[in-house]
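Letters A, B, ... mirror the listed sequences (proteins, then strands); counts begin at 1.
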Amino acid sequence: MGIRFYDTLTKQKTEFVPLAEGKVGIYVCGVTAYDVCHVGHARSAVVFDVITRYFKYRGYQVTYVKNFTDVDDKIIAKANREGTDIREVSERYIREHNDDMDRLGVSRPSVTPRATENIQGMIRLIGTLLEKGLAYREEGDVYFAVDRFPGYGKLSGRNIDEMMAGARVDVDEKKHNPMDFVLWKGSKPGEPWWDSPWGRGRPGWHIECSVMSQRYLGDTFDIHGGGEDLIFPHHENEIAQSEGASGKPFARYWIHNGFIRVNKEKMSKSLGNFFNLRDALTQYHPEVLRFFILQSHYRSPIDFSEDSLREARAGMERFYETLRKIRDLAGEGEAKAVDPESLSGADREVLEKVNDLPGRFVEAMDDDFNTARAMGYLFELVRLLNGTMADKDFRLTGASRFVLSEARKKIRELGKILGLFLEDPDEYFASDRSRESEKRGLSAAEIEALIEERRRAREEKNWKRADEIRDALAAKNIVLKDGPSGTTWKMG
RNA sequence: GGCGGCAUAGCCAAGUGGCUAAGGCAGCGGUCUGCAAAACCGUUAUUCACCGGUUCGAGUCCGGUUGCCGCCUCCA
């Protein structure tokens with residue numbers, strides 16, 4: 001069995017069979033560069049980041065194309081407001097997008113083309129659509145005639161007549177059919193323009209993705225992805241343009257991620273209920289955000305709230321506590337290999353679980369990229385490891401050292417697919433402490449001074465003073481933890 | 001109005017018709033600890049919104065009801 005996932009086009013889980021063996025071409029619609037990214041953009045980026053990483057893990061050679069829309073009404077409006085041009089605006093937000101995504105640990109796609117780099121390709125494609133009678137000119141504009149393309153509506157499961165009945169179709173005198181969409185817009189004064197056979201103008205939104213996917217992946221390619229709000233009209237229109245022009249199938253599989261919600265409502269710019277990704281990254285460790293996203297299936301809606309992020313943080317701590325304990329016992333790096341046959345008892349049990357883990361992880365991920373289930377399996381190993389290390393009979397031997405380091409290696413190897421558990425545990429906790437104390441306006445130095453005072457009190461067995469200090473810190477939500485090598489602390 | 005999705009413990013959440021319904025968070029009892037915290041062990045859904053149906057057998061399939069959400073307009 002190979003990878004199976006839900007295909008929006010057929011509305012069922014299907015086995016993935018690539019166009020060319022061992023290779024996968026994937027196109028994902030990126031952002032329109034007119035503002036900073038919010039947490040919803042992060043979800044889409046993380047989901048497709050993990051999907052492409054997983055394909056690589058399974059041995060595929062992946063070509064991942066994600067575009068930037070750098071010409072659009074909102075960008076033009078912003079540029080006009082600022083007295084600059086669209087290039088400056090889009091450059092700025094593309095840069096910010098890249099910074100944010102880098103911090104989130106999102107790998108850069110193979111290619112990140114921009115709409116304005118592909119205007120000639122769009123003009124050619126529109127020309128083909130006109131020649132084939134699928135598009136028509138009206139004054140300086142060019143429109144796609146949806147009723148000339150028989151498959152229109154197949155992705156979103158609607159037909160033209162039903163949509164006509166819908167109340168909210170935009171009324172545009174120039175359109176022959178209200179559902180027709182613009183391929184090329186004649187430029188108005190103050191708008192950027194390019195020369196075309198139909199006069200000066202700029203492209204419509206949908207055409208760029210048809211051109212860029214074709215350019216980098218071909219007329220027919222494996223997977224097209226994006227947020228579920230793009231199914232209609234954007235992806236529907238892409239199909240109409242691409243298949244209409246080439247006469248060949250467009251994307252063979254479609255993957256759409258669900259939304260992030262706030263109080264059960266979609267997080268969106270228009271509702272104004274969005275959280276900037278940048279702000280979220282100052283409040284939470286990037287891996288906590290990824291953990292939060294990957295704990296649910298990619299198609300389910302997830303609610304962004306302080307509570308759910310706090311839970312994600314607690315879950316991450318569980319992993320890093322375990323990694324820290326392993327480090328304390330087994331040291332850094334890989335331990336000297338031991339013959340598995342010579343192992344017994346707990347060592348053997350752990351190694352068996354460790355060796356089973358990749359298979360179980362793959363089984364979960366092969367099934368529609370079920371990251372939630374995959375993470376459940378990782379937690380099971382963590383519990384077993386903690387139990388083993390906490391056991392009274394645990395002895396650090398060559399065998400246990402080897403087994404622990406194997407476990408860590410496997411957690412890191414699989415974590416890499418998810419973009420989790422990649423930090424040094426001490427660094428993770430240090431950055432968590434500084435982030436959390438900053439959030440609450442507390443100084444790490446002050447806290448550490450009090451801990452030092454408490455250490456001296458404990459040395460003198462002055463439990464009263466020691467507890468006073470701990471209680472005072474606890475009142476500020478600071479939790480102390482006395483261990484063999486001293487006291488550590490964290491924000492609760 | 002049209003189309004689509006979701007409904008699993010206090011909360012989040014997985015669940016591909018068939019042994020005891022993953023996992024996480026929170027809670028409770030215990031072990032550990034000077035006392036704690038963390039960790040571990042035990043415990044927390046005779047039941048999967050509700051009503052019918054198919055089946056030897058359904059959380060899982062079908063029909064209906066209720067509730068929530070999304071798309072139909074720019075949107076990850």
Side-chain angles (χ1 to χ4, degrees), chain A residues 1 4 8 11 13 28-32 34 37-48 72-74 153 156-159 161-170 179 205 225-234 236 256-261 264-271 274 291-292 295-297 299-303 305 307-308 310-315 317-318 321-322 324-325 363-364 366-368 370-380 382-392 458 461 463-464 466-467 470-471 474 479-483 487-490 492:
Chain A
M1 281 285 272
R4 295 162 54 80
T8 312
K11 295 181 176 52
K13 265 194 223 175
V28 174
C29 292
V31 299
T32 300
Y34 75 100
C37 292
H38 61 66
V39 179
H41 297 111
R43 182 178 196 189
S44 185
V46 167
V47 163
F48 287 103
D72 148 279
D73 290 350
K74 286 177 183 169
S156 54
R158 28 192 116 204
N159 64 57
D161 297 336
E162 275 167 3
M163 288 187 282
M164 295 287 292
R168 291 184 286 173
V169 282
D170 103 47
M179 296 315 298
W205 174 34
E228 67 180 353
D229 49 356
L230 298 179
I231 295 170
F232 189 89
H234 186 52
E236 198 67 73
H256 292 95
N257 66 276
F259 296 129
I260 290 196
R261 309 192 300 190
K264 310 237 178 225
E265 264 187 336
K266 175 183 173 181
M267 177 185 291
S268 74
K269 278 280 157 59
S270 35
L271 287 168
F274 60 91
F291 187 99
F292 160 72
Q295 225 180 353
S296 301
H297 185 87
R299 274 185 288 113
S300 310
I302 44 177
D303 264 73
S305 70
D307 277 359
S308 49
R310 193 170 32 73
E311 280 189 16
R313 175 169 168 258
E317 260 171 29
R318 196 165 157 79
E321 287 285 2
T322 300
R324 178 160 65 183
K325 263 181 286 181
E363 166 265 312
D366 272 3
D367 184 10
D368 207 12
N370 199 328
T371 53
R373 196 156 83 210
M375 282 161 70
Y377 296 150
L378 284 165
F379 270 107
E380 285 178 21
V382 162
R383 189 175 57 224
L384 180 64
L385 288 166
N386 286 337
T388 306
M389 291 187 284
D391 197 283
K392 283 193 211 71
R458 291 182 75 219
K461 299 215 188 302
W463 306 127
K464 186 166 168 283
D467 288 351
R470 190 176 59 200
D471 292 346
V479 182
L480 300 189
K481 195 173 140 187
D482 300 325
T487 299
T488 56
W489 63 280
K490 63 165 192 159

Kindly give the atom pairs (protein nitrogen or oxygen, nucleotide nitrogen or oxygen) under 3.5 Å for nucleotides 36-38 of chain B.
from  : atom 1 : to       : atom 2 : distance (Å)
B:A36 : N6     : A:Asp482 : O      : 3.2
B:A36 : N1     : A:Asp482 : N      : 2.9
B:A36 : N3     : A:Arg470 : NH1    : 3.3

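- Applying the salt bridge (charged side-chain N to carboxylate O under 4.0 Å, His left out) rule to A:Asp391 yields no partners; only residues at least two apart in sequence or on another chain are considered.
- In this structure B:C56 sits in a base pair with B:G18, meeting the Watson-Crick or G-U test at under 3.5 Å.
- Between A:Phe379 and A:Phe291, the ring-plane angle classifies as perpendicular under the 30° and 60° cut-offs.
- The P atoms of B:C50 and B:U66 are separated by 16 Å, rounded to the nearest whole Å.
- With a cut-off of 3.5 Å on both Watson-Crick or G-U wobble distances, the partner of B:C50 is given as B:G64.
- In terms of phosphate contacts, A:Lys266 brings a side-chain nitrogen or oxygen within less than 4.0 Å of OP1 or OP2 of B:C71.
- Taking each heavy atom of A:Thr371 and A:Ser296 in turn, the nearest pair found is OG1-O, 3.7 Å.
- Pair assignment for B:C3: B:G70, on the basis of Watson-Crick or G-U wobble contacts that are both within less than 3.5 Å.
- Per the geometry, CZ belonging to A:Arg318 stands 10 Å off P belonging to B:A26, to the nearest Å.
- Distance check on atom C1': B:A9 versus B:A26 gives 12 Å, rounded to whole Å.
- Per the geometry, CG belonging to A:Asp229 stands 11 Å off P belonging to B:C74, to the nearest Å.
- Look at the C1' atom in both B:U8 and B:C68: the space between them is 16 Å, to the nearest Å.
- Across all strands shown, the partner of B:C40 is B:G30, judged by Watson-Crick or G-U wobble contacts whose two distances both fall under 3.5 Å.
- Look at B:A9: it lacks any Watson-Crick or wobble partner with both distances under 3.5 angstrom.
- A donor-acceptor distance shorter than 3.5 angstrom exists from the side chain of A:Ser308 to the backbone of A:Asp303, with no hydrogens or angles considered.
- Across all strands, A:Met267 comes closer than 4.0 Å to base atoms (heavy-atom distances).
- Among the protein residues, A:Leu378 comes within range of no part of the nucleic acid, since none of its heavy atoms lies under 4.0 Å from any strand.
- Remark: A:Thr32 engages no residue in a side chain to side chain donor-acceptor pair (under 3.5 Å) (not counting sequence neighbours).
- Distance CG (A:Leu384) to P (B:A22): 18 Å, rounded to an integer number of Å.
- With a 4.5 Å cut-off on side-chain heavy atoms, A:Ile302 and A:Gln295 do not count as touching.
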Below 3.5 Å is the cut-off: list the nitrogen or oxygen pairs between protein and nucleotides 12-16 of chain B, distance only.
from  : atom 1 : to       : atom 2 : distance (Å)
B:A14 : OP1    : A:His297 : N      : 3.1
B:A14 : O3'    : A:Asn370 : ND2    : 2.8
B:G15 : OP1    : A:Asn370 : ND2    : 2.7

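- Spacing of C1' atoms, B:G34 relative to B:G15, comes out at 46 Å, to the nearest Å.
- In this structure, A:Asp391 atom CG and B:C41 atom C1' are separated by 11 Å, rounded to whole Å.
- The salt bridge (charged side-chain N to carboxylate O under 4.0 Å, His left out) check on A:Glu321 picks up A:Arg324, A:Lys481, with sequence neighbours excluded.
- Residues satisfying the salt bridge (charged side-chain N to carboxylate O under 4.0 Å, His left out) test with A:Lys490, not counting sequence neighbours, are A:Glu317.
- Between B:A7 and B:G59, the distance separating the two P atoms is 15 Å to the nearest Å.
- At whole-Å resolution of the value, NZ in A:Lys392 and C1' in B:G30 are 11 Å apart.
- Taking atom P in both B:C3 and B:C48, one finds a spacing of 30 Å when rounded to whole Å.
- At whole-Å resolution of the value, CD in A:Glu380 and P in B:C41 are 12 Å apart.
- Remark: the backbone N or O of A:Arg318 is paired with a side-chain donor or acceptor of A:Thr322 at under 3.5 angstrom.
- Of the C1' atoms belonging to B:G53 and B:G57, the separation is 15 Å, rounded to the nearest Å.
- Separation of the C1' atoms belonging to B:C69 and B:G17 is 28 Å when rounded to the nearest angstrom.
- In the set B:G23, B:C40, B:A76, the nucleotide with an atom closest to the side chain of A:Phe259 is B:A76.
- Here A:Asn386 lies in heavy-atom contact (under 4.0 Å) with sugar-phosphate atoms only.
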> So A:Arg299 and A:Glu228, salt bridge (Lys or Arg N to Asp or Glu O under 4.0 Å) or not? Walk me through it.
Replying inline: CA-CA 8 Å; A:Arg299 274 185 288 113; A:Glu228 67 180 353; over 6 Å; no

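- Distance, A:Asp307 CG to B:C11 P: 12 Å, rounded to whole Å.
- As a whole-Å value, the separation of A:Asn257 CG from B:C71 P is 13 Å.
- Note on A:Phe48: nothing from the nucleic acid sits closer than 4.0 angstrom, heavy atoms only.
- At a threshold of 4.0 angstrom between heavy atoms, the contacts of A:Gly157 are confined to the sugar-phosphate backbone, with no base atom among them.
- In terms of phosphate contacts, A:Arg310 brings no side-chain nitrogen or oxygen within less than 4.0 Å of OP1 or OP2 of B:A26.
- Considering only heavy atoms from C-beta on, A:Phe292 comes within 4.5 Å of A:Ile260 through its side chain.
- Nearer the 5' end of RNA chain B, as judged by each residue's closest nucleotide, is the contact made by A:Gly315, out of A:Gly315 and A:Thr388.
- Summarising the geometry of A:Ala374 relative to A:Ala364, their closest heavy-atom pair is N-CB, 3.7 Å, with the distance given to 0.1 Å.
- Minimum atom distance to the side chain of A:Glu228 is reached by B:G70, of the listed B:A76, B:G34, B:G70.
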